[in-house]
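Worksheet for the structure shown next.
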Amino acid sequence: MTTHPSAPSAQPGRADGLTVAIDIGGTKIAGALVHPDGAMTGTTRRPTPRGTDAEGVVAAVAEVLADLARDPLWPSVVRCGVGSAGPVDTSRGTVSPVNIGAWRDFPVLDRVSAELAAHGARIPAVLAGDGVAMTAAEHWLGAARGHADALCMVVSTGVGGGLILNNRLHPGPTGNAGHIGHISVAFDGEPCVCGSRGCVESIASGTAIARWALAQGWTPTAGQDATAAGVAAAARTGDPVAVAAFDRAGRALAAAIAATATLVETGITVIGGGVAASGDTLFEPIRRHLASYATLSFVRGLKVVPASLGTDAGLIGAAAAATMLLGGPAGGPTA
Ligand SMILES: [Zn+2]
């Protein structure tokens with residue numbers, strides 16, 4: 001019925017050697033050497049270049065790798081994980097991050113591998129989307145630890161996610177499995193940016209929450225922003241439109257979480273991201289609505305909990321995804 005702790009088959013913590021972790025986002029490019037226990041060495045970062053071409057962005061990645069290569073532990077690196085904002089296509093090693101306009105179908109994995117080789121590290125490298133990386137991180141060291149089957153989600157300006165199935169990261173052939181933001185929960189709903197209708201993201205993302213609240217007549221008071229954080233603050237003071245906005249978002253998330261659990265028996269759902277930081281303002285409606293959607297016996301015990309890793313989740317996730325996908329002591333690639 002629910003998840004059960006069991007011996008993981010490919011835990012990053014059991015692998016030997018250090019993992020080069022690179023986390024590429026719209027505001028920063030970060031890197032670290034990640035130890036088998038999750039400790040990080042040599043953490044470094046650069047702002048993601050703006051107003052430059054594809055090579056200008058690569059140059060920042062190269063600087064991060066050059067910083068890491070100066071670390072005395074560099075000779076101990078055995079693999080590299082690259083986590084990136086999406087969309088990603090891991091079958092080709094390419095990314096087209098929404099917030100990095102200079103990169104479209106950009107072969108980031110080949111370029112990182114070339115930089116690694118230039119610093120003497122001819123090691124395997126893997127690419128993971130940020131939702132999948134976050135999932136790997138939460139399974140390794142966070143709230144999904146010990147759970148054989150889990151759905152992990154990021155609810156932020158968008159809605160992303162990833163799956164742990166049978167103790168393995170399940171990225172799918174192109175690295176997009178678990179893309180729960182674009183499951184439709186309202187089949188006659190409003191058009192979504194993806195081309196479908198009534199997607200979770202179009203109702204429950206921070207952007208959607210703020211947009212809906214404003215359209216329903218909510219106006220920020222002094223000290224509140226016209227953002228999901230502002231709507232959350234208003235909801236905590238009892239503003240009925242703000243409460244309704246989070247209730248609607250929670251209902252959409254509950255429907256999608258229940259559908260996922262019914263399909264693949266994910267007994268726990270871990271939710272991180274900026275909107276999840278509003279705490280019970282989001283989690284209370286999710287849990288309440290789950291009772292309406294998670295009705296079959298095997299999903300009734302479904303747990304929904306906040307993510308537990310903070311600012312370093314991207315780097316931890318890149319390292320965890322690399323180890324899980326390249327195979328820890330017990331396994332080979334899962335995709
Ligand atoms: Zn969509």
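Just follow the structure's listing: the first ligand is 1, and inside any ligand the first atom is 1. As a basis for the values below, the full set of heavy atoms in this structure was taken, side chains included, without hydrogen atoms, waters or symmetry mates. Note that the structure is a prediction, hence the values are computed from the model and not measured.
- Counting only residues at least two apart or on different chains, the salt bridge (charged side-chain N to carboxylate O under 4.0 Å, His left out) pairs with a member in residues 234-253 are Asp247-Arg288.
- Heavy atoms from other residues, nucleotides or ligands lying under 6.0 Å from CD of Glu190 number 12 at most.
- Leu315 pairs with exactly one of Ile22, Asp23, Thr19 by the side-chain contact (heavy atoms from CB on, under 4.5 Å) rule, that one being Asp23.
- Atoms CG and CG, from Leu325 and Leu169 in turn, are 5.0 Å apart once rounded to the nearest 0.5 Å.
- Residue pairs that meet the ring-ring contact (aromatic ring centres under 6.0 Å, His included) test with at least one member in residues 47-104, sequence neighbours left out, are Trp103-Phe106.
- The tally of protein N/O/S atoms under 2.8 Å from the Zn ion (ligand 1) stands at 4.
- Pairs engaging residues 41-52 under the salt bridge (charged side-chain N to carboxylate O under 4.0 Å, His left out) rule: Arg46-Glu63, Arg46-Asp67 [sequence neighbours left out].
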